[in-house]
Amino acid sequence: MQSRSHGLVSLPLAPKNPLPYRQRLAAVKSFHTGTERLRDAGGPVTRFTLGPRWLIPPMVLATSPRGIRDILNVKDESVDKTTPVFNEMRNILGANLANLPYEAWVSRRRTVQPVFTKQAVREFGGHMAEAAEMVCGAWPDGGEVDLDAESRALTLRALGRSVLGIDLDQRDDAVGEPLRVALKYAIERAIRPVRAPGWLPTPARRRARAASAKVHQVAREILDACRADPDRVAPLARALIAARDPVSGQALTDEEICDELIVFLFAGHDTTATTLTYALWALGHNAGQQDRVAAEVAALPDRPLGPEDIPRLAYTVQVVQEALRLCPPGPTGTRMASQDVEVGGYRVKAGTMLVFGRMAVQRDPALWKDPLTFDPERFNPDRVKELDRWQYLPFGGGPRSCIGDHFAMLEVTLALATLIRRAEIRSLDEEFPLALHFTMVAGGPIWAHVRERH
Ligand code: HEM
């Protein structure tokens with residue numbers, strides 16, 4: 001530790017960002033594209049403030065692969081999830097794997113990890129194809145559909161009925177909507193330099209609390225339903241009930257199981273649905289790419305697709321990877337430096353909020369040729385080797401990377417292949433509008449013309 005601190009002392013502080021205050025604040029509030037504006041003004045590692053330290057911590061933003069690696073690849077509590085964003089999320093929604101500080105997180109991750117191995121998700125990961133068959137079965141031949149609404153319906157159906165054991169089909173109002181209200185409240189509070197004290201019952205806080213109670217009720221319903229009926233198919237919920245910490249042998253308490261179910265509902269819904277919507281929209285603009293996916297899936301036997309088909313859907317996987325590059329559902333991330341640390345060759349003082357621009361690095365013209373062009377060939381096995389590990393990280397990296405990455409890739413790939421097998425899609429919107437809740441989602445309906453594929 002001594003030599004580490006010693007080396008740090010000789011490093012310079014990151015350059016101060018020259019953007020005027022209002023522009024800095026606006027950039028932080030639009031945290032998907034704002035990081036690119038801060039980078040263009042201040043460089044790949046840049047520091048700035050939004051107010052006095054006692055109101056909001058000073059920030060250092062990293063948008064280079066090396067800077068992002070230095071933030072994410074830390075394997076102790078010197079860089080932790082104790083930023084205002086995660087603190088607010090924990091306050092409003094409860095403590096879960098995604099927001100626990102290091103010490104409590106270690107055992108939780110160890111306990112839940114086996115639930116999500118590549119092998120384990122094969123058991124419950126194939127339901128998206130089934131849901132996709134049902135959803136596109138109702139599409140009007142030669143009519144128009146909102147790809148985003150369809151993707152959401154499909155994700156909720158797959159996640160609810162088959163994975164968690166309850167019917168969530170018609171229940172966006174019980175899950176999706178309240179989650180959005182609670183998380184939007186958390187993020188808006190976190191990035192506001194001046195905010196009302198947490199105990200003050202403002203209307204926004206009351207709404208967020210009520211929304212959180214609704215989601216907790218659904219989680220409790222899932223757990224009770226599993227306990228009451230041993231035959232109920234709910235592989236993900238059952239895996240959580242059965243999970244044990246391999247070191248202590250401890251099971252999760254009911255409250256912890258519910259908290260984790262909530263993070264799965266949140267992490268497994270909007271993120272997956274938006275990735276699918278974006279991939280469909282992009283293919284709807286590129287007949288050549290869509291034909292390649294259609295040809296790949298046509299070469300498979302005509303039965304519902306399952307995890308065993310993934311090795312023969314290589315191009316479809318590349319399409320999903322490219323969708324995640326241009327539209328990463330978590331466009332920006334944060335951590336807190338609990339000690340002085342190095343980021344991209346600069347010294348960062350303890351108490352600084354570390355921000356990293358996932359969308360910025362994944363669209364950086366210095367790292368990607370024609371960065372805004374949708375080109376799944378970037379992920380061709382020959383070319384993917386040339387990428388720096390830290391320039392493409394839709395599922396994060398280091399110890400706190402996404403636990404559901406295999407699950408999500410499996411689900412989106414199977415859903416996409418199933419939909420393209422059944423329908424030809426022509427996108428009607430030139431642009432894909434983006435909106436920020438906690439994650440980045442489509443900012444409105446994404447209309448497409450659909451025709452049955454023969
Ligand atoms: C396309 C879909 C998804 C994307 C793009 C995605 C992305 C991410 C990212 C970037 C992180 C790291 C956040 C950070 O570094 O602060 C993360 C964490 C996490 N994700 Fe996902 N995710 C997806 C789907 C899922 C699914 C399906 C689940 C579970 C059912 C899930 C559960 C989690 C959990 C529990 C964490 C926190 C892990 C930890 O801190 O130990 N995600 N996700």
Side-chain angles (χ1 to χ4, degrees), residues 31 62 68-69 71-75 79-83 85-86 89-90 93-102 104-113 115-117 120-121 124-125 127-128 151 155-156 158-160 162-164 187 235-237 239-240 243 256 259-279 317 320-321 323-336 353-359 361-362 390 392-413 415-416 438-441:
F31 56 88
I68 294 176
R69 179 205 62 193
I71 295 173
L72 288 186
N73 214 17
V74 175
K75 298 184 174 71
V79 168
D80 207 350
K81 281 202 169 180
T82 48
T83 57
V85 179
F86 293 114
M89 182 186 174
R90 217 177 306 119
L93 217 52
N96 58 46
L97 201 50
N99 62 33
L100 276 170
Y102 180 80
W105 165 84
V106 173
S107 137
R108 186 76 65 92
R109 177 88 188 206
R110 219 165 40 205
T111 310
V112 180
Q113 185 70 56
V115 174
F116 282 100
T117 59
V121 301
F124 52 80
H127 303 291
M128 197 87 151
S151 297
T155 318
L156 216 50
L159 198 65
S162 320
V163 178
L164 299 174
I187 192 95
L236 186 52
L240 274 181
E256 288 168 346
D259 286 338
E260 291 311 324
L261 285 172
I262 288 171
V263 81
F264 297 160
L265 284 168
F266 139 63
H269 177 32
D270 272 355
T271 50
T272 313
T274 304
T275 306
L276 182 59
T277 308
Y278 195 91
V317 171
V320 177
Q321 289 170 318
L324 283 164
R325 182 184 71 82
L326 281 168
C327 184
T332 302
T334 63
R335 295 288 189 273
M336 186 59 92
M353 179 156 139
L354 305 168
V355 185
F356 55 96
R358 195 185 324 275
M359 183 142 146
V361 78
Q362 293 188 173
W390 299 96
Y392 177 71
L393 54 153
F395 294 106
R400 304 223 47 171
S401 65
C402 179
I403 203 167
D405 56 353
H406 297 310
F407 180 40
M409 283 305 292
L410 181 65
E411 296 273 77
V412 181
T413 306
L416 183 62
F438 193 80
T439 55
M440 188 167 72
V441 294

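Counting starts at 1 for both ligands and their atoms, following the listed order.
Each of the atoms 5 (C) of ligand 1 lies under 4.0 Å from some heavy atom of Pro329. Close contacts of ligand 1 with Gly404, meaning ligand atoms under 4.0 Å from a residue heavy atom, involve 26 (C), 28 (C), 31 (C). Below 4.0 Å from some heavy atom of Gly396 lie the following atoms of ligand 1, by number and element: 10 (C). Those atoms of ligand 1 that come under 4.0 Å of a heavy atom in Ser401, given as number and element, are 38 (C). Near Arg335, with a cut-off below 4.0 Å to any heavy atom, the atoms of ligand 1 are 14 (C), 15 (O), 16 (O). Within ligand 1, counting atoms from 1 as listed, the ones closer than 4.0 Å to a heavy atom of Phe264 are 29 (C), 30 (C).
The closest approach between Lys81 and ligand 1 falls below 4.0 Å for a heavy atom of the residue. The closest approach between a heavy atom of Gly333 and any atom of ligand 1 is not below 4.0 Å. The closest approach between a heavy atom of Met409 and any atom of ligand 1 is not below 4.0 Å.
Across Ile68 and Ala62, no two heavy atoms sit closer than the pair CG1-O, 3.8 Å. Counting all heavy atoms, side chain and backbone alike, Pro101 lies closest to Thr82 at CB-CG2, 4.0 Å.
Ranking protein heavy atoms by distance to atom 40 (O) of ligand 1, first place goes to Arg400 NE, 3.0 Å. Among all non-hydrogen protein atoms, the one lying nearest atom 6 (C) of ligand 1 is Phe395 CD2, 3.6 Å.
By heavy-atom distance, the residue among Thr274, Val112, Thr275 lying nearest atom 1 (C) of ligand 1 is Thr275. Considering Ala98, Gly330, Ala267 only, the shortest heavy-atom separation from atom 25 (C) of ligand 1 involves Ala267.
Proximity of a side-chain donor or acceptor of Arg90 to a complementary backbone N or O of Asn99 within less than 3.5 Å is detected.
Atoms OG1 and CZ, on Thr271 and Phe438 in that order, are 12.0 Å from each other to the nearest 0.5 Å.
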